[in-house]
Amino acid sequence: MRRIIRENEQNPLSEMRVICVSTEKVLGVCSFGSDRENPLVGEIYALYLSPTFIGKGLDRLLRQDAIARLAEAGFKQVNLWVLEGNAQAIRFYERAGLSLTGRAKTEKLGEVNLWELHMSLSIDVS
């Protein structure tokens, strides 16, 4: 999680939300901003929670906050990438209205290739 925080601090297009219980314990992080491929679209870059807080509603609040703030910024579409095979994450985003688009890509992490699936949501900005 520290690596993601550092990367997003260096990205001027991202906006970060960090929820804390105390100054020493990060419960969850959600970063979002302009899509890295199309700056006219919003993107959720990352949403991570401390394992003890998964499924307790904080994940939903972070997701809703990101989508609402992207809508307030005028974005009419929100995209994200999810790891192939992560059925729990796919269901989590589908409950918010995001759909798999059929696009996929490979990200290299060290010696490992990670397959990612694209999800998208049209949002009403009125």
Side-chain angles (χ1 to χ4, degrees):
M1 195 175 307
R2 285 187 180 100
R3 178 184 59 81
I4 292 162
I5 291 170
R6 279 194 309 275
E7 287 175 2
N8 282 285
E9 284 173 343
Q10 296 170 7
N11 182 350
L13 298 176
S14 73
E15 182 172 334
M16 175 163 292
R17 293 285 172 252
V18 179
I19 307 298
C20 299
V21 169
S22 71
T23 57
E24 297 176 14
K25 179 140 177 112
V26 176
L27 303 181
V29 174
C30 183
S31 63
F32 52 93
S34 296
D35 188 283
R36 291 169 283 185
E37 296 174 353
N38 179 356
L40 301 177
V41 174
E43 180 178 357
I44 297 174
Y45 307 129
L47 195 162
Y48 294 102
L49 292 180
S50 171
T52 57
F53 286 90
I54 292 173
K56 297 191 178 187
L58 180 58
D59 45 3
R60 187 181 71 253
L61 291 173
L62 288 170
R63 180 192 65 209
Q64 289 171 338
D65 179 62
I67 292 170
R69 290 179 184 273
L70 289 167
E72 287 170 12
F75 293 108
K76 296 179 182 170
Q77 182 178 333
V78 176
N79 294 332
L80 61 85
W81 293 92
V82 63
L83 287 175
E84 181 181 51
N86 189 344
Q88 182 179 2
I90 292 169
R91 282 192 308 274
F92 171 75
Y93 289 114
E94 285 176 335
R95 284 192 294 271
L98 285 104
S99 301
L100 291 166
T101 66
R103 290 179 57 202
K105 69 178 180 177
T106 304
E107 289 285 330
K108 192 159 183 83
L109 181 64
E111 298 298 316
V112 178
N113 287 324
L114 302 174
W115 288 94
E116 295 180 314
L117 305 177
H118 188 258
M119 300 187 78
S120 187
L121 169 70
S122 294
I123 50 179
D124 182 16
V125 294
S126 57

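None of these values were measured; they are calculated from a predicted model. Keep in mind that the numbers below use all heavy atoms, side chains included, and drop hydrogens, waters and symmetry copies.
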The criterion is salt bridge (charged side-chain N to carboxylate O under 4.0 Å, His left out); which residues satisfy it with [X], sequence neighbours excluded?
| X | answer |
| --- | --- |
| Glu111 | none |
| Glu116 | Lys105 |
| Arg103 | Glu37 |

Is [Y] reachable from [X] through a run of I, L, V, M, F, W or Y residues, each pair having side-chain heavy atoms under 4.5 Å apart?
| X | Y | answer |
| --- | --- | --- |
| Phe53 | Ile44 | yes |
| Leu80 | Leu100 | yes |
| Val78 | Leu61 | no |
| Tyr45 | Trp81 | no |

Quick check for you: to the nearest 0.5 Å, what is the distance between [X] atom [atom1] and [Y] atom [atom2]?
| X | Y | atom1 | atom2 | value |
| --- | --- | --- | --- | --- |
| Ser122 | Leu98 | OG | CG | 9.5 Å |
| Ile54 | Leu27 | CD1 | CG | 12.0 Å |
| Leu83 | Ile90 | CG | CD1 | 9.0 Å |
| Phe32 | Asp65 | CZ | CG | 5.5 Å |

Minimum heavy-atom distance [X]-[Y], with the two atoms named:
| X | Y | result |
| --- | --- | --- |
| Ser34 | Pro39 | OG-O, 3.9 Å |
| Leu40 | Phe75 | O-CD2, 3.4 Å |
| Gly28 | Leu58 | N-CD2, 4.3 Å |
| Leu70 | Ile123 | C-CD1, 4.3 Å |
| Ala96 | Ile67 | CB-CD1, 4.5 Å |
| Val26 | Ser50 | O-CB, 4.0 Å |

Salt bridge (charged side-chain N to carboxylate O under 4.0 Å, His left out) contacts in which one or both residues fall within residues 43-55, not counting sequence neighbours: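 Qualifying pairs: Arg36-Glu43.
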Pair listing, salt bridge (charged side-chain N to carboxylate O under 4.0 Å, His left out) test, anchored in residues 81-99, at least two apart: none
Partners of Asn79 by side-chain contact (heavy atoms from CB on, under 4.5 Å), sequence neighbours excluded? Asp35, Val41, Gln77, His118, Ser120
pair Phe92-Leu47: side-chain heavy atoms closer than 4.5 Å: yes
